[in-house]
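Quick note on labels: first sequence line is chain A, next is B, and so on, each numbered from 1.
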Amino acid sequence: MRLSIFSGSTIDLPPLDVRKIEDEVRKYWRERSVPQKWRTLSGKKIFSFLEGPPTANGYPHVGHLRGRIYKDFALRYHKILGYDVWAQGGWDEQGLPVEVEVEKKLGIRTKREIFERVGLEKFVEECNKLVDYYLTYWKLYATELVGLWLDLENAYETRRSRYLEYVWYLVKRAWERGLLYEGYRVLPFCPRCETALSDAEVDMGYEERESPSIYVKLKIEGRDGDYLLVWTTTPWTLIDNEAVAVRSDAEYCLLDLGSERWFVAKQLVERVGAELGISSWRCVEELKGAELRGLRYEHPLLNEVPLHRDHANGHVVLDAGFVSLEEGTGLVHIAPGHGPEDFELGVQHGLPVTSTVGIDGVFDEGAGLFKGLSVSEASELVINVLSKKKLLVRSGRVVHRYPHCWRCGTPLIYRADRQWFIAMSRLRSKLLEALNSVEIFPRVHRSRFESWLANVKDWTISRSRIWGTPLPIWRCADDPSKVLVIGSLDELKRYASSLPSVDEDRLAHRPWIDMVELKTPDCSRWVREPFVVDVWIDSGVAWIASVDGLRNRDLFSKLFPYSFITEAIDQTRGWFYSLIATSVIDVDAAPYAQVLIQGHVLDKYGRKMSKHLGNVVYAEEALKKFGADPLRLYLLYRYPPGDSFMFDPEEVRKVSFGALNIVWNVFRFAAMYMDLDLFNPRKHRLENYENRLSVEDRWILSRINTVAREFTDYLSRYEVHKAVQLLVDFAVNDLSRTYLKLVRPRVWSEESDDRFVVYATLYYTLKRLLKLFSPAVPHISEALWLYFVKHFEPEELESVHLAKLDEVDEGRVEPYIEESFRAALKIVEVLAFLRSKLGIKIRYPLREAIVVADEETLKKLDLARSVVSRLSNVKRVELLPVKSKCLEDGYEYVQEGGVTVCLQKVVDRELYAEALAREIIRRIQVMRKEMNLDIAEYVDVAIETDSEDIATSLQVFREYVSKEVRALRLLQESPGEGFYVKTWDIEGFTVRIGLRRAQSSS
RNA sequence: GGGCCCGUAGCUUAGCCUGGUUAGAGCGCCCGGCUGAUAACCGGGAGGUCCGGGGUUCGAAUCCCCGCGGGCCCA
């Protein structure tokens, strides 16, 4: 089957129209099910890839494409290396971002509305619909139109019961291994949305904000008149204050104000003084922070918040490394329920952890006087009360950066809450050990990952949300100390005394999961913990859940550990971690062997792409504008995979498209002449011409093999950019610019069959090059495969992507010839420079060039002497050993690094005549093109000129000119009727040239 | 506050690990040329305190120290 754009009896490869070609190629792949064949496992060694599932939320942009193109490249590359490839797709479908968008869509403003106005069932249905919507988009613009051959028909989906069972399985494994526990932790909450937020979400919402700024003195017990001075911007947290922290190695001053004395860090005395407007105080005692440790003070709201009366071990001075000496007083108020650091310090010292604030930001009865107030109302009242009690030293305002909810703009509050954890901190050494078996590219990132694992904290796996995997932990209603962890749907059904009648996908979600009534011999009613599981565990268990590994053990054992994964650098603490973490929890091993860590895509100025800046380049837009292959090539070759990528649309067009255009045209050139001469690679075999190869043939044959070797070499280190640059450079410089230029006259010459030597060489080279290019630019490679290779070898495979990379043909690698060419091309460059100095165009032949150099260089040059001569249009290239002289009159020269190059600058009459002939030829060629003549078509030419020189030249070079322009008749007369006529100025003379299709001699 | 990385032409960068020609490219700019595969291409030119300072060395973009500036991650 031929592609429709290539149909026709003779080859006429059109100019490169990327999008049209890609459409046709995609159609061909679809009709022939090529990707399915490509993915078929045939029993060979498997390159198993694990897809980092994109979140089915939001539209894909070029940053996503970069990652997906690396994935596809790695897969295709290993396929042509001879592996079977495992290329299952996957989608991450649950989590807060989906909920947020559904809320927006439904006009929901508070979490309560979800339950009361919309209802959970409807809400979950909407989440599903939204996921479906984005999947459509991702399948088209981030997969199919990019040419990705990930298997989407069998993609894993984290919302499916068969998938999320593995999250349950994992939680149960953690429970069995004693790693699952319940505890308290301080987390950022949005009181309006009534949910905890992740760190990433907090980072999104930092904004300037004006807050209260108050200085409060705390009465030290047993030291009448002595106080600790503290500073805070969240007065409401004083309600849950339990300690004051100092830095043990810092100096503190006891400041005498006459009637009373305050402790302040020495380094901050001046600052605080200025702030409070006090200058007349004296430092009466200097102490190390360590000496303050253990002092007790009276809680400033002891009467207003009665529970503090019972906190016998609270209200004490402790030391902590995090105390800042840059701001505040150097004494930091500690509320273990409202700050992560405070919490840790509290736990270390056994302080009571009180959080009298609810998830909605309203104080409960524990807050005494402040019950029922919001945090901001409470702050005001705290200030009032302290002021009345004369404990408030100063109350002002301060503008600072503070985290806000990125959805609704509400300032976040930190509060302690009951959560479920997995004790990852106990697995640190196992994680590090597992990492030993993992190769990380680029290498520099390894230490980052290692230090993250070495310091890993326990994992809060519970979330107070809806659209997620339900936390599979049940508690006995009658005895809350009894806990039941369910590891699969089967297990759930086993204990169920009644089940809602819904399909399994629903059953495994809220709200249906909570309609299941569970009963066991030791408990008549189990109640599920009201959480969903952190969404990172969803994608984290992909290594086993994606293939339903417990049921497909055979397949799973072939894939695990996965050969390769790749995502952007932010996933170091995300997916890369959640994979290895869950895998270590289950089987004490890393689930992947190689990781490629990518940098991010930025805009062309190096700024992050963001909706806010309006500089996001979406996948859809980029694909429509550039086509997939130019975009792929650009993303692959412009920067190292690990680097940030400054995406400049102009560069795609100029550089990437430009390179592809040259590659395409090299094939066009080859195809045109090969077809014209009925070249047949089975008949005109390279082996038949071995002893007739000219030096440039041997050179290009050597080069393509060297390039192939270097290509695989770079890719063994995932230096994708270098590998691809190498191919582009070879195609543009070696093939197009040098080889084709050299062989063009050989192709035109019909005297011998030498042109078949060229075709055989070129065919060998192009076919190999095509395979090398195929992982980077699959569409264009395929088009050329079908059009070019399949045209000459119809029995070849139906797709380049099913082919295998050729072994490097060691016998054809001739380093000496490559060196020789390097030297010769350098001389060609110098001669071009000399010509431009002399103002003599390449079209003007020159008699002689002389190179004076050492013996070794000369030996090299000798081999490629004709190359210099042809490319520089010099009749004779003379090679002389050092000490010879070429610096005579009539020569222009350049001396460089022991090599002297001289060029004879005299243009004698004979040379001049030849030059004129070439001037004429060139103009006739232009006219042939303007007339749209077929390449092989003959013409009649009539030339009229007032120049004696040109007339002579035409007589002398009559044969030459006729042959070059395929003239049947070349007349020196005024062009008559039926001629296409143009008047030219050549060297100041007027020349009228007439052209017409050759008339058969009648 | 801690860790990692980076700083080379107007822009994007190679070279740095392993010290040694005249620091190499692409884009942009200027001049010239080539073109029967080329929507292309080629040659030349202008443009560099290799972030600053100090050290090691016969010799430093490269190795070491300090500083400045930027990025990423963590707190």
Which nucleotide wins on minimum distance to the side chain of A:Arg448, given the candidates B:A37, B:A75, B:C73?
B:C73
When the distance from CD1 of A:Ile569 to C1' of B:G71 is rounded to whole Å, what number comes out?
10 Å
Hey, do the aromatic rings of A:Tyr634 and A:Phe645 have their centres closer than 6.0 Å?
yes
Among the candidates B:A37, B:C72, B:U35, find the nucleotide nearest to the side-chain atoms of A:Arg922.
B:U35
Could you measure between the two C1' atoms, the one in B:A61 and the one in B:C50, and give it in whole Å?
5 Å
Return the pairing partner of B:G19 with a 3.5 Å limit on both distances, Watson-Crick or G-U wobble; otherwise return none.
none
Let me know the distance between CZ of A:Phe647 and C1' of B:C27, rounded to the nearest Å.
15 Å
What distance, rounded to whole Å, do you find between the two C1' atoms, one in B:A37 and one in B:U22?
38 Å
Taking the six-membered ring for Trp, are A:Phe657 and A:Trp664 ring centroids under 6.0 Å apart?
no
Could A:Asp319 and A:Arg247 be called an ion pair, given the rule that one side-chain N must be under 4.0 Å from one carboxylate O?
no
Provide the distance between the two P atoms, one in B:A14 and one in B:C63, to the nearest whole Å.
15 Å
Complementary nucleotide of B:G26, counting Watson-Crick and G-U pairs under 3.5 Å:
B:C11
In whole angstrom, give me the gap between the P atoms of B:C5 and B:C65.
12 Å
Is there a Watson-Crick or G-U wobble partner for B:G1 with both distances under 3.5 Å, and which nucleotide is it?
B:C74
Nucleotide forming a Watson-Crick or wobble pair with B:G69, both distances under 3.5 Å:
B:C6
For A:Asp342 and A:His333, does a side-chain donor sit closer than 3.5 Å to a side-chain acceptor?
no
I'd like to know if A:Arg185 and A:Glu344 make a salt bridge, using a cut-off of under 4.0 Å between side-chain N and carboxylate O.
no
Write down the protein N/O and nucleotide N/O pairs, taken from nucleotides 11-13 of chain B, whose separation is under 3.5 Å; answer none if there are no such pairs.
residue: B:U12; atom: O3'; partner: A:Tyr639; partner atom: OH; Å: 2.9
residue: B:U12; atom: O2'; partner: A:Arg638; partner atom: NH1; Å: 3.4
residue: B:U12; atom: O2'; partner: A:Arg638; partner atom: NH2; Å: 2.5
residue: B:U12; atom: O2'; partner: A:Tyr639; partner atom: OH; Å: 2.7

For A:Asp648, which residues count as a salt bridge (charged side-chain N to carboxylate O under 4.0 Å, His left out) partner, sequence neighbours excluded?
none
Could A:Asp697 and A:Arg746 be called an ion pair, given the rule that one side-chain N must be under 4.0 Å from one carboxylate O?
yes
Could you work out which one of B:A37, B:G15, B:A39 sits closest to the side chain of A:Arg744?
B:A37
Please report, rounded to the nearest Å, how far the C1' atom of B:U35 is from the NZ atom of A:Lys741.
10 Å
Round to a whole Å and report the spacing from CG of A:Asn665 to P of B:U35.
17 Å
Would you check if the distance from the ring center of A:Phe679 to the ring center of A:Tyr763 is below 6.0 Å?
yes
So, under a plain 3.5 Å distance rule, would you say the side chain of A:Ser736 forms a donor-acceptor pair with the base of B:A40?
no
Contacts of A:Val732 and A:Phe657 projected onto RNA chain B by closest heavy atom; the upstream (5') one is A:Phe657
B:C66 versus B:U56 - spacing of their C1' atoms, nearest Å:
15 Å
Would you mind telling me which of B:C73, B:A40, B:A75 lies closest to the side-chain atoms of A:Asn661?
B:A40
